[in-house]
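First comes the structure, then the notes that go with it.
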Number of protein chains: 2
Amino acid sequence: MPYDPSAFPPFAVTVDLVVLTVRRHALCALAVRRGEPPFQGRWALPGGFVRADEDLAQAAARELAEETGLRVHDPAVPAQDNGAHLEQLATYGDPKRDPRMRVVSVAHLALAPDLPAPRAGGDASNARWAPVEELLQQGGYGRDGEPVTPLAFDHAQILADGVERARSKIEYSSLATAFCTSEFTVGELRRVYEAVWGVALDPRNFHRKVTGTPGFLVPTGGTTTRQGGRPAQLFRAGGATLLNPPMLRPEV
Amino acid sequence: MPYDPSAFPPFAVTVDLVVLTVRRHALCALAVRRGEPPFQGRWALPGGFVRADEDLAQAAARELAEETGLRVHDPAVPAQDNGAHLEQLATYGDPKRDPRMRVVSVAHLALAPDLPAPRAGGDASNARWAPVEELLQQGGYGRDGEPVTPLAFDHAQILADGVERARSKIEYSSLATAFCTSEFTVGELRRVYEAVWGVALDPRNFHRKVTGTPGFLVPTGGTTTRQGGRPAQLFRAGGATLLNPPMLRPEV
DNA sequence: GATCATAGTCGTCTGCCTGACGATAAGCAC
DNA sequence: GTGCTTATCGTCAGGCAGACGACTATGATC
C-alpha cells in the first residue's frame with residue numbers, strides 16, 4: 001500500500017519546556033518574551049519546532065541547551081555535575097490552541113539547579129526566571145509593579161501541569177536533588193522541598209527521614225557553612241531514585 | 001507575520017490506545033491484527049489518525065468507542081455505568097518508528113471492566129483480549145500454542161508504559177474501581193489489585209484498608225453471592241479519587 | 001440435613017514510621 | 001563571652017500495616 005499523504009491531515013509538532021528551578025526560596029520557571037504575533041510581547045514557555053530527523057527527547061534537550069546552556073543529566077553517569085533532569089510531561093493538541101495552524105505541542109519538564117542568568121539567543125531582556133505563582137496569577141500586579149498578563153497560548157495550563165508533576169514527583173522519588181548543585185546539605189535539600197511545596201518542614205524530622213533512607217544520600221565527607229550556623233555535612237545524590245516510604249507532603 | 005508552511009516539517013499525528021481490563025484473574029490488553037503493511041498480520045494496539053478538527057482526547061475517545069463500543073466515563077457523572085477511564089499516557093515520536101512517514105503517536109490509557117467481546121469493525125477475529133504478559137513476551141509460544149510475535153511498531157514499549165502507569169496509579173488513587181462493574185464487592189476489587197500487580201493480598205487487611213478509607217467505597221445496601229461463599233456487601237465507587245495513605249504494593 | 005469448601009468480616013497484636021518537640025553542637029557577628 | 005543561626009541527636013505518643021486467629025453465611029456434596 002503506497003504512502004498516501006491525503007490520508008491524514010498535516011500537523012506541526014513542537015516541544016515546549018517547563019524549566020523549573022528554586023531561587024531565593026521560591027519555585028521559578030523560565031519564561032521568554034514572544035517577539036512576534038500571535039501574543040507578541042507576552043511571556044511564554046520556551047520551545048520550538050521538532051526537526052524532521054529528530055526524536056522528541058532530542059528536540060527538548062536541544063531547546064533546553066539553546067535557552068539555558070544546560071546539558072541533560074545522563075542517568076548512566078550519576079556523578080555528572082550540573083546536569084538537568086528532563087522528562088516528557090504531556091501533549092497538548094487542541095485544534096484552536098494556536099490561531100495560525102494545527103500545532104501539537106509535546107511539553108517537557110526540566111528541573112535545574114539555580115543558574116546564574118537565563119539567556120535567550122543572547123538577549124537577556126527576553127528571558128527571565130519568574131516565580132511560578134506570579135506566572136500563573138490571574139490579573140493584578142507582579143512584584144516589579146508591572147501588570148501581570150497571562151502566559152501566551154495554553155502555556156499557563158502547561159506550566160500548572162508541570163508544577164503539579166514536580167510537586168507530586170518529589171514525594172516518592174529523589175528528584176528534588178535535581179534542584180541542588182552536585183554537593184548539597186540536608187538543609188539545602190529541605191529548602192527545595194519547602195519552596196516546591198510552599199510549606200515549612202520540621203528540620204529534625206526531615207533530617208531523620210532523608211539520612212535514614214538507604215541510597216538516597218551519600219556523604220562526601222566535606223562540610224560547609226555557606227548557609228551560616230553550624231557546619232553541615234555535604235552529600236551527593238545516591239543511586240536510589242525511588243523513595244519508599246515516600247516523603248509525606250503536609251496537609252495544607 | 002504570515003503563516004509559512006515551509007517553516008516546519010509536516011507530521012502525521014495518531015492516537016494509540018492501551019486498553020486494559022481484568023479477565024479471569026489476568027491483566028489483559030486489547031490487541032488488533034494489522035490488515036496491511038507494515039507489520040501486516042501482526043498484532044498491534046488499536047489507534048488511528050487524529051482528524052483535522054479534533055482534540056487529542058476526542059480522538060482517543062472516538063477510537064475507543066469504535067474498537068470496543070465503550071463510552072468514556074465522565075467525571076461529572078459519577079454514577080454512570082460502564083464508563084471507561086481514559087487518560088493520556090505519553091507521546092512517541094522516534095523518526096524511525098513508522099517506516100512510511102514521520103508519525104507522532106499520542107498514546108492513551110483506558111481502563112475498562114471486563115467486556116463481553118471485542119469488536120474491530122465488526123470482525124472479531126481481528127481483535128482480542130490478550131494477557132499483557134503474553135503480549136510483552138519475547139519469543140516462545142502463547143497459551144493457544146501459536147508462536148508469539150512481538151507487537152508491531154514500538155507498541156510493546158507503549159503497552160509496557162501503560163501497564164506500569166496502571167500499576168503505580170492504583171496505589172494512590174481509586175482507579176482500580178474502573179476495572180469493576182458499577183457495583184462490586186470488596187473481594188472483586190481485591191482480585192483486581194491482585195491481577196494488576198500479580199501478587200496475593202491478605203483479604204482481611206485489604207478489607208480493613210478499603211472500607212476504612214473515607215470516600216473510597218459507598219455501600220449500596222445490596223449483597224451478592226456471585227463469587228460463592230458468604231454473601232458480600234455491594235459497593236459503588238465513592239467520590240474520593242486520591243487514596244491517602246496509599247495502598248501499599250507488596251515487595252516482589 | 002449434616003458436612004465441607006468457599007468467601008467475607010471482625011479483632012488482636014506487634015513493629016515501624018511520623019509528627020511534635022526538647023536538647024545539644026558548632027559556627028559567625030558583636 | 002553573648003546572642004543568633006543552623007545542624008544534629010533523642011524521646012515519646014499515635015497511627016497504620018503485616019501477620020494471623022476467629023467467626024459467619026452461603027452453596028455443594030454426600
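Naming convention: chains lettered A, B, ... in sequence-line order (proteins, then strands); numbering from 1 in each chain. We use all heavy atoms of the structure for the numbers below, so side chains are in, but hydrogens, waters and symmetry mates are not.
Salt bridge annotation for A:Glu134-A:Arg128: present, with a cationic side-chain nitrogen under 4.0 angstrom from a carboxylate oxygen. Salt-bridge annotation for B:Arg249 and B:Glu194: absent, with no side-chain N of the basic residue lying under 4.0 Å from a carboxylate O of the acidic one.
In the set D:dA7, C:dT9, C:dC17, D:dA7 carries the atom at the smallest distance from any side-chain atom of A:Ala232. Listed candidates were C:dT9, D:dC20, D:dC9. Nearest to the side chain of A:Arg204 is D:dC9. In the set D:dA7, D:dG21, C:dG27, the nucleotide with an atom closest to the side chain of A:Gln227 is D:dA7. In the set D:dA7, D:dA25, D:dC20, D:dA25 carries the atom at the smallest distance from any side-chain atom of B:Arg230. Of the candidate nucleotides C:dT9, D:dC9, C:dG19, C:dG19 has the atom lying nearest to any side-chain atom of A:Leu248. Distance from the side chain of A:Asn205 is smallest for C:dC21 among the nucleotides D:dT8, C:dC21, D:dT26.
Remark: the backbone N or O of B:Thr91 is paired with a side-chain donor or acceptor of A:Gln88 at under 3.5 angstrom. The backbone N or O of B:Gly222 sits nowhere less than 3.5 Å from a side-chain atom of B:Gln233 that would complete a donor-acceptor pair.
Across the protein-nucleic acid pair, B:Leu234 atom CG and C:dG8 atom P stand 11 Å apart, rounded to whole Å. At whole-Å resolution of the value, OH in A:Tyr193 and P in C:dT18 are 12 Å apart. When rounded to the nearest whole Å, the span between CG of B:Asp202 and P of C:dC13 equals 17 Å. Here C:dA7 presents its C1' atom at 12 Å from CD of B:Glu194, a figure rounded to the nearest Å. One can place CD of B:Gln233 at 13 Å from C1' of D:dT24, the figure rounded to the nearest angstrom. A:Lys209 places its NZ atom 4 Å from the P atom of C:dT18, with the value rounded to the nearest Å. Between A:Arg190 atom CZ and D:dT8 atom P the separation is 10 Å, expressed in whole Å. Atom CG in B:Asn244 sits about 10 Å away from atom P in D:dC16, given to the nearest Å.
For the pair B:Gly228 and A:Val186, both in contact range of DNA chain D, the more 5′-proximal nearest nucleotide belongs to A:Val186. Along DNA chain D, the nucleotide closest to B:Gly229 and the one closest to B:Met247 are compared, and the more 5′ of them pairs with B:Met247.
A:Arg226 comes within 4.0 angstrom of no nucleic acid atom, judged by non-hydrogen atoms across all strands.
Between A:Arg208 and the phosphate of C:dA20, there is no side-chain N or O to OP1/OP2 separation shorter than 4.0 Å. OP1 or OP2 of D:dA17 has not a single side-chain nitrogen or oxygen of B:Arg249 nearer than 4.0 Å. Between B:His207 and C:dT9 there is a side-chain polar atom (N or O) within less than 4.0 angstrom of OP1 or OP2.
For A:Tyr193 and A:Phe206, the gap between ring centers is short of 6.0 Å.
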